[in-house]
Amino acid sequence: MANNALGLFHEPDAALAAAGKLKGAGFAAPALISPIPMEGVEEVLGRKTSVIKRFTLFGAILGGLSGFALAAGTAVLYVHPTGGRPIITFPPFLIITYEMTILFGILATVLGFLISARLPAIRERVYVPDAAVDKFAVTVLCDNAEQFERAAAILRGAGAEDVQAIAEQHP
Amino acid sequence: MPDIDRRDFLKLVGAGSVGVAAGFVLAESIKHPVEYLIPFPVPPEDYSPGIATWYNTVCRMCAAGCGISVRTREGRAKKIEGNPAHPVNQGRLCALGQAGLQVLYNPDRLTTPLLRDGDRTGPFTQITWEEGLSAVADRLASVDGGRIYLLSEGVRGHLAGLFELFMAGLGSNRLLHYDFDYPHTLYAANKRFYGENNLPYYDLRNARYLLSFGADYLGSWISPVHHGLGFGHSRQGGEVRGYFVQIEPRMSLSGAAADEWIAASPGTEGLLALGLAHHIVAEGLYEGDDRDDWMSALAAYSTARVAEQTDVPTNTIARLAKAFARNQPSLAIGGGAAGNHSGGVDTLVAVNALNYLVGNLGKSGGLLFNPDPVVGRPTRSRRASFQTMLELAEDARRGNIEVLIVNQTNPVFTLPAATGFKEALAGIPLIVSLSSFMDETTALADLILPSHTYLESWGDDIPEPGVGFRTASVSQPVVSPLYDTRATGDIVLGLAQKLGLTDSMPWTSMKEYVEQGWRQIHARGADTETRDFQAFWRAILQAGVWGEKLRRDNGAFALDKSVIDNIGAQQPEFSGSNDDFPFVLHPYLSNTFLDGRGANLPWMQELPDPMTSVVYGSWVELNPATARQLGLAQGDLVRVESPHGSVSAPVYLYPGIRPDVIAMPIGQGHAEYGRYARNRGSNPIEILAPRAESHTGALAWSATRVKLAATGKKAALVQTGGTSRQLGRGIVQTTDATAGSGHNARLNSIPIKVVST
Amino acid sequence: MAAEHNELTYADVNRDVVRSLVETGPKYYVTLGVAVGVFLTCFFFPWFYQLFYGIGAAGMNQPTVWGTYLASFIFWIGLSHSGTLLSCVLHITNSAWRKAMYRSAEAMTLFSLMVAATMVMVHLGRPWFIHWSLPYPNQMELWPNFRSPLLFDVMAISTYLAGSSIFIYMGSIPDFAAVRDRTSGWRHHMYVLLSLGWRGTDTEWHRLGRAYTFLAVLIIPLAVSVHSIVSWDFALSIVPALHQTIFAPYFVVGAIYSGTAGIVTVMFMLRKYMNFERYITELHFDNLGKLLLLLSLIWTYINVLEIFTGWYSGTSTELEALRYKLFGFYAPLYWEMILFCAVAPLLLISRRFRTSFVPMLFLSFAINIGMYTERFLIVATSLSRKYLPDTWGLYVPSLVEISILIGSVAMFVTLFLVFVKIFPSVSIYEVKETMDVPRKGTPQWQTTR
Amino acid sequence: MSVVDRFSESWRKYRKPGYYEDFDYAWTMTIDLDRCNGCEACVTACQAENNLPIVGEEDIARGRQMQWIRIERYWDGEYPNARLSFIPMLCQHCDAAPCETVCPVSATYHNQDGLNVQVYNRCIGTRSCAVYCPYEVRYFNYSNHHWPAPLDQQLNPDVSVREKGVMEKCTFCIQRIRQAKDHAKDDGRRRVRDGEVQPACVQTCPTEALVFGDRNDPDSQVSRSLNDPRAYRVLDELNTRPSVVYLKKVVTDGG
């Protein structure tokens, strides 16, 4: 059963317009596939928010805490008096803290990105290779043939060069 | 096995609770200890792995006769330390003494008897002891006793006695003890002035003012460790800090340690001493009955004249004389280059005169006369001087020597090339060397019967000079012999046996001989009644030293008028004219190699020279101003040319040397003597003039003039030190205050906290 | 700029980049062969020898226990400093000219960091125990010493290495996807894995953009901290001429300076040998030239300041260190450094100079030689003149050290050569971003900037 | 002991600087420069005791000498007023040791005897401690050293032989300190007696310029020596707080 309608556009503006129309026609989640990040997507498909910044913040805080805990814990549990310094010596330990903050921040950001962008992809997904070159694709999930025809009509009407049916679950 | 049984031994180990165990018991099984991590997989009962055993014995690295304690572990010697009970070094030891371990474990030791194939350029082949001893004994039996020479290093104690017996048995009087650095002139001067055969004991420890005329008493003169102890105590150990003046053309170790270094013109030390004496007498600082005799004897040495001759300002002479007389007790010593000059004896007599004039004789802090030693030592006529060696060479050339036995001495290295000694040896049909190492002389031998090192042999020794009372020490083996070598005494006894000399020498081993000899010392002792000899002997082996703490009564010393009348000092005579040879060569004994014997020890090669930090080589010390004039820089290779040859070495710019003097250390420049010594540096003795001191025939080794020729090359001057100026960084800080006399030194910025417990 | 070079279509970009990955001429193989050969002979075998012999194979001694290995380490760390740092700064400030060059600049960061980490291995007396400097739980209950500036280094560099690898990888995901579609065989499989199934949906683009910006924000202070920390290896010691507060900014500026010069070199090579003339243009050289000029002036200022503080201290130790640097044994190197890094870059005032490719290449070489000299001098002049004059000594690098230095360059080149065949060395999507959006009826699109 | 206990104990003991004062011993050496005559007996004694290698002429020429205690020499003035002063330089066992903080693997640290110890097995050879040491008393093994047989039989079994790539330095003869402490324990004594332990250099010094002992014991010889007004520390301005204290050389002009 063909359950994905995909329209291929030459121009980004047309693709964007098509996506807007699909959304206006009540389709749940039209998606744009483009070779470059497209401007104006949010105006058409609604504002996007991501959890990445929370990941980054949380990672950084965790990193800072664990960095200091690592340095201080090591110093206190395995006492090696050096240079007459007190075992918990703030200036050097703050450097460790700083580095660990950033390291964990970076790793958490990556994790946040992967989770929120649902990568790496485990299953096959709707995709046209031309969309990585110079075509702009709009794809939408259709529950049945009637919906597909409707979506295809909208896409063609918006100036799609080609409309394909792709039998794959939209993510 | 020696005749201490196991039960005895265990008792002794038990008794030696301070770690000083007696006796020498080691199994035969450690001939090749390298093969085991712990030498005995199944250790003998009387031996515990991991526990150090200490043996007390005597250091033979120089003639001072320090007592040492050798720490052994698992049958191997690990460390040499001074024997705290020994009066000479009192637990302390010099670098060379420490390095004795590398004599024992030197990789270049001779390991078996060797016989030369063919002439003296041929190789050696290994032979057995039986073959070697028979060969020598056969030869000795077949020649006239007068044609047999035994040339030994200076040995004392029973070994010296054994040599006497042996040579007497052979009917030969040709027994010589030869050391390059034996102080002939000092003995002669003391004999002449005091009428003493022994050197006096120089009590540096209590001296408050010391005048040293060329004697490097902290580096190489007589007994450096003992002098070091005295120096340290005099400096900071007492109420008043001792003041040290060093008079020498090139600053030695002692010169650096001294408060004042006076670079008198080389060879004029005697004149300076008499100048001081003149000042003392003339200024009324001497009030003895024979003051007038002195006045007339010293009339020619007025301060002004002496100042001119010695290049020391008049006010310095006056100041030194006054201080020497007033700061009691004071002490004047002489030696080194001053003693080994054309008029060495006169110089040292003049120094003795100074001691007499200010009353330093027989008192603490001055010099004390030594009693005669309890154990024998060679008489002075047995001590070969330079002149004697020349005669020996002459005899060899004439074919008067049939057999020459050389024991651990290396005259080929320590005699100037101009003497032709090396070539003269060709006239001797059989040369037997008892050396442990392939030194230059041994390399010319026909037969080598290698001796044990001193750490493997029995023997005994007396320090010379003594320490003011009678003392003697026993040396015992600390490890079992490493190689197929024998103790020198055992070799001699072996030969005696073969020659049928058992009547005069009935002993089977050196140990037996030494032990028997010590029965006489036991017999002298106060405890003869309470302790039998075996107990005494064990105690001696434990302690390593015996002493009789009786000072000799120095009494009133009366000086013969003829001695006073004979006092005098001349301007030094040099070989080589002033015009052709502008510099005086000042060779000096390096405190690490002495006369070159330390050069095969890697620790000594690697020990930076204290004054220059140079390692592994020779150098020529030059005043920076002189170097500027000659256009020479540090490290430039120069040829030092004397009328008798030349040697090359790199230049070292040395601020502590007279501009008209250049100095070179003795000890390097070996052609043989193992991997560490061979072909390293150059030997200044080679180019010395064969000039003898007029009274004793000792080599006047500081009486040669030289010139310098730049080679245009740079030579590797391997130094451990970098820049030797402080640049105001306050690294070595000084104060002008003396201890205990109300100093005003500032406290350091951060107080050192002393926490009470 | 010359428009004819920039008449590009989106498809052209994809084609050009894929071509650079797939089509490999003999020239490439020869270059790679030479680089690997030099790496093996000059780096690998001498290092092997050094592992057997000990650090004594190098010329280090008392008191100069650090030598060219450490100088190389700082140099490579420094070289790493423009890539990612510059890329992040330009990303955040939205500078479009960055987009054609940032990928290779970031690769430079990555590889010079790797070479730097290798230099640490070479520098160590017992590199087989290098893992002891990492905090990992172990039976011996032995942990590293977190007070040590060297451990700061370990933490900072590993963070930086992780950060910049992630940064370059994140930026490359869409390009991997694009390349994935155009390749076959093992390359295809590799890119399938690397692209993580990227499709280019609006959500993915959005997430990527967010994450990328966060990373950039995190990496800028990281990069600054890395070279500050490297400087503290020296500045935290009490060695005269090293114990200075100016050291952190000095090192950071020096690092960016040498890194920017390094980018110029790499840009030139890519342009010339990978046929990216249409992407890397005079504009880039002009902008990089301006940046270099600015950095050179700051660098010169800090150098003057360093001399002044040394002189002003008036202590024997500082004055001697200064005297030795300016007039001592290594003085020719010092003046060479001044010539290359302070005087020569003044040519950049001229726009003609900035936009001439070959002179810029030579200048970039000169700057990096000068900067290497700077690192060498920091190690050699200070350590050979410390507190106790009796310990002063000279240090001259041995053949092994010089060889390893050459070999480390070869290592960098090798890594870079491998990189250009795996990573799209020009960012496909970001170059497209700088071009006009496609419009119907205009088959050719032109870049707007 | 639980982690919490360990944590609280170390926190209590080491929270503030100055905790060295509570350590069992504070081994200290004083060196009287007025006694020292530069004879270098200490150098050889140290070489013998601590298995220091013979590095050879070539390596010394390259500046790789290996002597844990060395004599530095400084000239003042020019002929004829030239004066040469010696100063033995060995690890100063600083209380505020720069070398300790820089070691990334804690191969050097301060032990309960107040000694700056070097753990050879832990050392990875960064050589940063030698850079940080202003006294230049840390020596690096630039290669493996060999003792031609039978010189190896002399090696002290109480001291390890260091391999290439390891930093080493004066230990104040820690093996002797250990032994003395063992003896004290065997004898039922709580502390080592003054003079019971002497490093090899102190033991052999012919002029008794070197004095070694525990400065926590106010009656020890070293404590008395520390109270000498001539006491100073080399490079005191660096505030490394060395445990080796020098006594100023006395320089007088004229008798």
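Bear in mind the structure is a predicted one, so any value in this text is a computation, not a measurement. Computed from heavy atoms alone, side chains included, the values below leave out hydrogens, waters and symmetry copies. Throughout, a chain's letter reflects where its sequence line sits, starting with A, and its residues are numbered from 1.
When C:P221, C:P149, C:P174, C:P135 are compared by the number of non-hydrogen pairs under 4.5 Å with chain A, C:P221 comes out ahead. Interface check for chain C: of the options A:A121, A:A131, A:A14, A:A137, the most heavy-atom pairs under 4.5 Å are formed by A:A121. The greatest number of non-hydrogen atom pairs below 4.5 Å with chain A, out of C:L208, C:T201, C:L196, C:L236, is found for C:L196. For the set C:V13, C:T203, C:L142, C:L193, the entry with the most heavy-atom pairs within less than 4.5 Å of chain A is C:T203. Taking chain A as the reference chain and counting heavy-atom pairs below 4.5 Å, the highest number among C:G197, C:A211, C:S148, C:G209 is found for C:A211. Most heavy-atom pairs under 4.5 Å with chain C, from the set A:P91, A:A132, A:S116: that is A:S116. Here A:I95 is the residue among A:T89, A:V41, A:I95 with the most heavy-atom pairs under 4.5 Å with chain C. Put simply, of A:T101, A:V51, A:T49, A:D130, the one with the most heavy-atom pairs under 4.5 Å next to chain C is A:T49.
Heavy atoms of A:T97 lying under 4.5 Å from chain C are absent altogether. When heavy atoms are compared at a cutoff of 4.5 Å, C:R15 does not approach chain A at all. For A:I52, the parts lying near chain C are the backbone and the side chain together; criterion is any non-hydrogen pair under 4.5 Å. In this structure, chain A has a heavy atom under 4.5 Å from the side chain of C:W232, while its backbone stays farther away. Both the backbone and the side chain of A:V133 come within contact range of chain C, with heavy atoms under 4.5 Å apart. Contacts between C:D175 and chain A at a heavy-atom distance below 4.5 Å are absent for every atom of the residue.
Interatomic distance, C:L222 CG to A:Y98 OH, rounded to the nearest 0.5 Å: 7.0 Å. In this structure, CZ on C:F146 lies 11.5 Å from CZ on A:F68, to the nearest 0.5 angstrom. Here the CG atom belonging to A:D134 is positioned 7.0 Å from the NZ atom belonging to C:K432, to the nearest 0.5 angstrom.
Identified by a heavy-atom distance below 4.5 Å to chain C, the contributing residues of residues 71-86 of chain A are A:A71, A:T74, A:A75, A:Y78, A:H80, A:T82, A:R85, A:P86, in residue-number order. Scanning residues 157-165 of chain C against chain A with a 4.5 Å heavy-atom cutoff picks out C:T159, C:A162, C:G163, ordered by number. Of residues 102-112 of chain A, those residues lying under 4.5 Å from chain C by any heavy-atom pair are A:I102, A:L103, A:G105, A:I106, A:L107, A:T109, A:V110. At a heavy-atom separation below 4.5 angstrom, chain C is approached by A:K53, A:T56 within residues 53-63 of chain A.
In terms of heavy atoms, C:A177 sits closest to A:Y127 at O-OH, 4.3 Å. Considering all non-hydrogen atoms of both residues, C:A156 and A:E99 come closest at CA-OE1, 3.4 Å.
At least one side-chain heavy atom of C:R199 sits under 4.5 Å from a side-chain heavy atom of A:V126. Side-chain contact check for A:L119 versus C:E204: some heavy-atom pair is nearer than 4.5 Å. Side chains of A:E42 and C:H206 form a contact here, defined as non-hydrogen atoms less than 4.5 Å apart. Side-chain contact between A:S34 and C:W205: present, with at least one pair of heavy atoms (C-beta onward) separated by less than 4.5 Å.
Remark: C:R147 is not positioned above the aromatic ring of A:F90, lacking an NZ or CZ atom under 6.0 angstrom from the ring centre and at most 45 degrees off the axis.
Residue-environment remark: CZ (C:R180) exceeds the threshold of 12 foreign heavy atoms within 6.0 Å.
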Take C:M170 and A:F113, measure what side chain to side chain contact (heavy atoms under 4.5 Å, CB included) needs, and give me the verdict at the end.
CA-CA 10 Å; C:M170 291 271 278; A:F113 162 68; 3.6 Å; yes
